[in-house]
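All ligand and atom numbering here is 1-based and tracks the order in the structure.
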Amino acid sequence: MNKLLLNQGWRLDYEGETLNTQIPFSLYYDLLNHKRIDDPFYRDNATLLTSLSEKDYTYRNDFIFKEEIEEKKQYFLHFDRVDTISNVYLNDIHVGYTDNMFCTFEFPVNHALKKGTNHLRVEFESPIHYMNEQIEKNGRIPCNTDTLDGFPYLRKSSCMSGWDWAPRLPDMGIYKEASVVVVEKGRLSNVHIRQQHMDGRVTLNLFTEHDINGAMTGDAEKIETLVRITDPEGRLNIYGNSPENIDIENPKVWWPNGLGDQPLYQVEVEFYIGGELQDVYSTRIGLRTMTMAVEKDEWGESFAHEVNGVKVFAMGADYIPEDCLVPRVNRETTKKLLTQCIRANYNAVRVWGGGYYPDDDFFDLCDEMGLVVWQDGMFCCSTYLLTPEFEENITKELVQNVRRLRHHACLGLWSGNNELEELILAGEYGSFEETVSLRADYIKIFEYIIPKIIKSEDPDTFYWPSSPSSGGGYDFPNDPNRGDAHYWAVWHGFKPFTEYRKQMFRYASEFGFEAMPAYKTIESFTSEEDRNLFSYVMERHQRSNMGYAKMMNYMAQTFLYPTDLKTLVYASQLMQGEAMKYAVEHWRRHRGRCMGAIVWQLNDCWPVTSWSSIDYFGRWKALHYYEKRFFAPIMISCKEEGQLSQNPNINTRPYPLEKSFRLNVANETMNEQLVKVRYSLRNAKSEIIGKEMLVERKVSAMSTIWLDKVDCPEASLYEDHVHFVCEQDGVVISEGTAIFTMPKFYRYEQPKLSWRMEGADIIITAEAYAKSVEILNENEDLVLTDNYFDMEAGEKRVSIISGSLKGLRLRSVYDIR
Ligand code: BMA
């Protein structure tokens, strides 16, 4: 099989002009690069630019094909990702139609291709036009209203039509390879490698299918596959004569981040006809077993990743598309983002169902880094009308993507969709009577069509009908005692974040809290007059309904009123960090009952106020440092009781309040850990005023321990706090503080923060207890080993991971006023 790549030399016809481009390309991307539109991310430009997608556009490519066209060979035009509706013409002959952004398309072109110059034309149809046409034809389909109407009719990334964190930029383009594929005699059409693990031995079972060109019967010619396997040390083994089973010598097993290494085996399957090499299929596998443990227990039913027989507490966040302009996403951007996940101790990510199935690069990187991927199907917050055409379309989409991704070591599970089961049941899209047939369609799609595909194409990967779900059939999808749960009473429901502690889930796959992006990021999309929280432009970059009202509601509960926008940014980020910490520490303390905490959300697709922990420009919000601490493999946390947990309304009963704390050490490692825990009660000056204690404890592998509860009736509500540290071999591995009131009421001393360099490290000095110390450089892009931490009077050392020290400045909660 030969390939002629067609990635270069594309042209867009735009208003009588020709704009040059190359794959990956898209309308907005090309118009921006050619300065025909302003930056869609600046001020309100995105709103103004949506209408560009109401028109159709043509892209052209002239290419030279050097060979004579031979009848016995097969020629195809191949597209890896076209977004979305297009008609394809080769030398003015209509050769194909694309209607699914998640699919690969291949059109036979023996009749249209010629030797010499060929003219390729891709005519994109406006997605908005397409969706409106479908509404006219089939009726309005009930769906998420942040998004353009009719989006469920189009197999295109839903959030490109808008979301509660995304603008409406429903782009058009080609994002991955286009090529002419020449099949000489035949090629592989399907390769499936399964693994059998038994008593430390691993056997690979190989299954292959192939296509033979019609003109070449190949009767007399021998068909054969040969398999080359390169082990993680680079040793090559070759297995000839179409092997069906291969035993792997001394198998090296793959583990999620934090539990072991990620050894990977390169596998090449070569396909021969009559001794001539025709095709090669390449993939990389990791030897592991991976499923979800769903077992009845005292609380209901467990829901936990089980890797190589070990139940793992999932720690991570939800991944959304990295950029509204897809051509800007590549291996480098994804690697940069996923590296931050590892820096924050993630072992899992959930790919949310309103974007697209990520590229191979994403999965390759997750394989290498040990990030277990929860992969949603691309169906999100809507209903879907099941017509025979729709069924055919999504079947093709699922088969292709499952085959593309099933060999990845990181693939943790397939889930049908995001929130459909829950929202349909809740009547979000109409009453029961109104949605009877759509409800039935839901069951057919997610509990029949898709699981059937998974069963035949990837029977070794666990399938879950929806997120959240308790197993399907509209059976209490968000049941806290079974399956996964999305919890939004905090934030969308305005509940205080102390509510998290009252919730016990088996696996929290979504819960989140908004924060503003870095001030520098805000500067990038605003002009001077916009820099007020409630301005039109700021609200355009806050897509969540009443988002700032929610934020300020929580602000009032937590901090003193921040009197300028820069302080507001800082306070909003701390609130987000504190809220998520409150939730995750609690669920980790209850490891066993709860087995997953996946924070909504990891990243942004444009500069916006959202639930992300890393903003569009890659700047860490405070939350990302909080995550690093609360996802640490060995983590100490404190369940304090005080005003916040018992009665934050200082003017009502009951009084007096209990003041106490109870420490917990969570061990998410495969080894027993011997730790020393030190704690003390201190005042605002950091002076120890009592309860000083040092205890040594063993914490078994993959478990947690509680220390005894400590009552502190003598502590002052507003002036004292608890300081606690977990040490191993004299090194502090996890630490924190807890106050008995809300941060706004604590009577801080001015900590007089200062810094100096010692070698390559920054030494921070405080003269009193300092809460949530922020170290910020001029560009606000400094990445450190720690930041937004509490410290006692004294010194704290942090190392620089990236960024310059220019314009370094410090602040703490004391400065929120
Ligand atoms: C969840 C997600 C998204 C949404 C987020 C924040 O339910 O699945 O649809 O962006 O809430 O509202």
Identify the closest protein heavy atom to [atom]: which residue and atom is it, and at what distance?
atom	value
atom 2 (C) of ligand 1	E510 OE1, 3.2 Å
atom 7 (O) of ligand 1	E419 OE2, 2.3 Å
atom 6 (C) of ligand 1	D164 OD2, 3.3 Å
atom 9 (O) of ligand 1	W163 NE1, 2.9 Å

Using a strict 4.0 Å threshold on nitrogen-to-oxygen distance, state whether [X] and [Y] make a salt bridge.
X	Y	answer
D376	R350	yes
D781	K520	no
R588	E585	no

Under 4.0 Å to a heavy atom of [X] - the qualifying atoms of ligand 1, by number:
X	answer
C381	9 (O)
W600	2 (C), 3 (C), 4 (C), 5 (C), 6 (C), 10 (O)
W611	6 (C), 12 (O)
N418	8 (O), 9 (O)

I'd like to know whether ligand 1 has W352 as a neighbour, heavy-atom separation below 4.0 Å. yes

Taking only non-hydrogen atoms of H492, do any sit less than 4.0 angstrom from ligand 1? yes

Please check if the number of heavy atoms outside K495 that lie under 6.0 Å from its NZ is greater than 12. no

Count the heavy atoms of every other residue, nucleotide or ligand shown that sit under 6.0 Å from CZ of F534, and state whether that count exceeds 12. yes

If we set the cut-off at 4.0 Å for heavy atoms, which region of S544 has an atom near ligand 1: side chain, backbone, both, or neither? neither

Specify the closest pair of heavy atoms between H541 and V608, including all atoms of both residues, with the distance to one decimal. O-CG2, 3.1 Å

Counting only nitrogen or oxygen atoms and a 3.5 angstrom limit, does H486 reach ligand 1? no

Could you check whether W414 and W374 have their ring centres less than 6.0 Å apart? no

Mark yes or no for whether Q375, through its side chain, and S415, through its backbone, hold a donor-acceptor pair below 3.5 Å. no

